[in-house]
Amino acid sequence: MKEFLNSLNYGININQINNEHKQIIRELLANQIIKEYKNKFYLNNGFTFGILDITSKGTGFLESFDESFKKDLLIENKNLKGANYKDIVAVKLLPLKRKRPSAKVILVLKRANETSIVITKRYGEAILGMNIKTGLNLALKASQKSLKALPLGTALKIENENNNIIEVLGHIDDESVDEKISLALFNKNSKFSDTCIKESLANSDSVDASMYENRIDLRSLPFCTIDPIHAKDFDDAIYFDEKKREIYIAIADVSEYVYAYSAIDKEARNRGFSIYFPHIAIPMLPRALSENICSLKPYEDRLAYCFKIILNEKNEVIKEELFEAIINSKRRFNYDEVDEILLKKPDLKEHNWLYKLFEITQILRKKRLKNAFEFRTEELRMVLDKNLSLESTFIEKDTFSHNLIEDCMLLANKAAAKILEDIGIFRNHLSADAKKIDKLLNELIELGIDVKLKPNLPELIRDIQSLADELNLRAEVDKLIIKAQKKAEYSSKNQGHFGLGFEKYSHFTSPIRRYSDLILHRLLKARQKKDEKLFNYLLLNIQSTCENLSTLEREADKVAFDFMDRKFARWALKNIGKCFQALIIQNEGICIAKLDDEIKGADIILYDTQANLLQRVEIQIIEADIVMAKIYGKIIKDYLR
């Protein structure tokens, strides 16, 4: 969108405008924001495009897409024209009456959200809605009589266009409303349409092998799955033939059940990803598929799309074969169980091959990390009680079992990307830019890590990690390094994966919970069948799809984080005045500490304006806002590192 709108500064040819942007052109013409001249469209003088920010007082500021605007444009509340936070808008510049340039919104081009969540509050005699993202109060399109019939503190989902109430979510004092709020904030839905449910139930609960004569029958091989203990959707199963040195990576063959442009496919495309809460998963596919016929459940015949990776004696990949198969997983392991097995080495009988596969993946991992990075990732896990209140938290770290599965999946993802050649769906990760690296090095100096800038970025990062190890700050410093890098994204063209050190990479191994993988499976099948017509058909608007998936991925993460923030805020409200250990994770602008006590992971906004990055402190909880999901505190004591 930004690139398209900026192109209007220089003129864009009619023939270069895709279907997605034609309607925008019509609206811009109707509002005299652009003009047509010799089959090209140009932006009129006095207009610009940008993304909107709104303060808690209702004042807007526009960050213009045109870099010639050095300052944000002031937009008074009366000139917002119904635009909301993070909307992309067209504005008209106003005569300069004050020092700060100002403008008024003419047209909302793309809403950041079609809906908002408000909490009912009383202001004098009137009941208004307070937007829980911006804190702004607004009049709702409903009678005061009906609003007064609701208890104050009722959470409502409203349309941003006209403030019309769509849904009553529940009351803010009810813990069960958190899930609904977090989903609704990002326009996510836990329910599937009747059409999707009917489509999913049209499949049998079991696989009849006689119907798939052309598939390779691998049911005699002792495949197993290794997943988190509470997992219900099993995307991948593995097996290793020690004599032939063949690693089998079998992935749920979702494309056999979800056809392109079907109702389920449309819903999966809109969702993009499964969302995982501590107590429940919101699947990308109906549960009849995600937790049943597609899931590689133990002792059940299942359809799989399978890679066979053949290694030589030097553990080098010498052949990669991809084919449709039928498998029957012989065991369901969880990560903790496999870690215990790798430590104690009991006789696993038909699964003893796990020991040799682990040895090989460790060798492959060591070789891979010569050109890649190993970050000590830590996932915060939250445990809720039966009332959905926060009970405890713990940090889940990568272990040997995680590494075993990860390196098997990387082999398959890398092999899949090779088959795509030049166009398809790739997982790209670009190298960090110089400005972010300079900022990182300055932050590290505060921590006593003084590293000289090197042109070889992988070498520089390894030097930083080595010094961080000496100071026992590796996990914290790894987070700073990750923050300094660009985010991995989906694209129709390959640009390599910097973090993994791969020239070409894609996502193949999780089609139950990632739509990107489902697209890839369809493309690979079309290519294997040499059906170029189907392949090109599946590629229609692929770049737009990739960009949308990158957005949906970030949104899925935000939903999960927002939910945890809400649980943390409720916990903090019960612990006002109490003191806890924490770690300073941000000291620019707003100072933030992350709780690192019996309860871990909660972000505390500090009233203190100065603190050293990664300084260990004792904080006191002063205030908790369960509506905005924020916690406030102050430093009571700091500790030497």
Side-chain angles (χ1 to χ4, degrees), residues 373-382 390 392-398 432 435-453 460-485 557 561 564-565 567-569 571-625 628-641:
F373 309 115
E374 183 174 33
F375 295 114
R376 292 188 184 167
T377 55
E378 297 179 344
E379 293 288 337
L380 177 69
R381 301 299 182 198
M382 182 178 277
L390 174 59
S392 62
T393 60
F394 63 95
I395 301 295
E396 183 178 85
K397 299 182 180 180
D398 276 354
K435 285 183 180 179
K436 285 191 173 183
I437 292 300
D438 286 341
K439 184 174 183 293
L440 171 66
L441 295 179
N442 289 330
E443 287 177 335
L444 292 172
I445 288 173
E446 287 184 43
L447 307 177
I449 299 175
D450 192 357
V451 182
K452 290 184 179 179
L453 181 64
L460 172 66
I461 289 175
R462 278 191 279 274
D463 287 350
I464 292 170
Q465 289 175 323
S466 178
L467 289 172
D469 280 330
E470 291 178 19
L471 295 171
N472 198 29
L473 288 172
R474 176 62 184 276
E476 292 84 357
V477 168
D478 274 356
K479 288 175 184 175
L480 295 178
I481 297 172
I482 292 170
K483 189 178 176 182
Q485 294 187 46
D557 289 339
F561 291 141
M564 288 198 288
D565 286 343
K567 293 305 175 189
F568 279 132
W571 170 86
L573 193 62
K574 300 170 187 174
N575 287 275
I576 298 292
K578 294 183 181 178
C579 299
F580 300 93
Q581 303 297 306
L583 187 72
I584 302 297
I585 60 166
Q586 180 179 313
N587 64 350
E588 289 184 1
I590 299 172
C591 194
I592 298 176
K594 189 172 287 290
L595 213 59
D596 189 22
D597 211 302
E598 186 174 343
I599 294 293
K600 302 178 185 298
D603 287 348
I604 316 295
I605 300 169
L606 299 175
Y607 290 124
D608 309 80
T609 55
Q610 289 186 337
N612 294 325
L613 191 64
L614 299 188
Q615 180 74 42
R616 294 208 165 270
V617 294
E618 183 177 334
I619 60 99
Q620 184 181 41
I621 295 176
I622 303 300
E623 184 184 350
D625 186 338
M628 307 292 279
K630 295 186 184 299
I631 308 170
Y632 300 88
K634 65 179 182 180
I635 297 173
I636 299 300
K637 184 179 181 182
D638 56 24
Y639 302 93
L640 293 174
R641 271 197 298 271

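Position 1 is the first residue of the sequence, and the numbers go up from there. On a predicted model such as this, the values are computed, not experimentally measured, just so you know.
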What heavy-atom pair brings Gln485 and Ile461 nearest, and what distance separates the two atoms?
NE2-CD1, 4.1 Å
Heavy-atom donor-acceptor pair, Asn575 side chain to Lys578 backbone, under 3.5 Å:
no
Shortest non-hydrogen contact between Gln586 and Leu613, atoms and distance:
N-CD1, 4.0 Å
Indicate the atoms forming the closest heavy-atom contact of Ile605 with Lys630, along with that distance.
CD1-CD, 4.0 Å
Under 3.5 Å donor-acceptor, Gln581 side chain and Asp596 backbone:
no
Lys634 and Ile636: side-chain contact (heavy atoms from CB on, under 4.5 Å), yes or no, with the steps?
CA-CA 6 Å; Lys634 65 179 182 180; Ile636 299 300; 4.0 Å; yes
Rounded to the nearest 0.5 Å, the CG atom of Leu473 sits from the CG atom of Leu467 at a distance of 11.0 Å
Identify which one of Ile592, Ile619, Leu606, Leu614 satisfies the side-chain contact (heavy atoms from CB on, under 4.5 Å) criterion when paired with Ile584.
Leu606
To the nearest 0.5 Å, what is the distance between CG (Leu583) and CZ (Arg616)?
5.0 Å
Mind checking whether Trp571 and Phe580 have parallel, tilted or perpendicular rings, split at 30° and 60°?
tilted
Please check if atom NZ in Lys483 has more than 12 non-hydrogen atoms from other residues, nucleotides or ligands closer than 6.0 Å.
no
Should Leu440 and Leu444 count as side-chain neighbours, where that means a heavy-atom distance under 4.5 Å?
yes
If I compare all heavy atoms of Asp478 with all of Gln465, which pair ends up nearest, and what's the gap?
OD1-NE2, 3.0 Å
Is it the case that atom CG in Asn472 sees more than 12 heavy atoms from other parts of the structure closer than 6.0 Å?
no
Quick check on Tyr632: does its OH atom have over 12 non-hydrogen neighbours (other residues, nucleotides or ligands) under 6.0 Å away?
yes
Nearest 0.5 angstrom please: Phe373 CZ to Arg462 CZ, how far?
6.5 Å
Are the side chain of Asn587 and the backbone N or O of Ala611 linked by a donor-acceptor pair below 3.5 Å?
yes
How many angstroms lie between CZ in Phe568 and CD1 in Ile599, if you round to the nearest 0.5 Å?
7.0 Å
Of all heavy-atom pairs linking Ala624 and Ala569, the shortest is CB-O, 3.6 Å
Report the distance from atom CD1 of Ile585 to atom CD of Glu476, rounding to the nearest 0.5 Å.
11.0 Å
Those residues that, when tested against Asp603, pass side chain to side chain donor-acceptor pair (under 3.5 Å) (two or more places apart)
Lys594
How long is the gap from SG on Cys579 to CD1 on Ile635, to the nearest 0.5 Å?
12.0 Å
Salt bridge check: are Arg474 and Glu374 linked by an N-O gap of less than 4.0 Å?
no
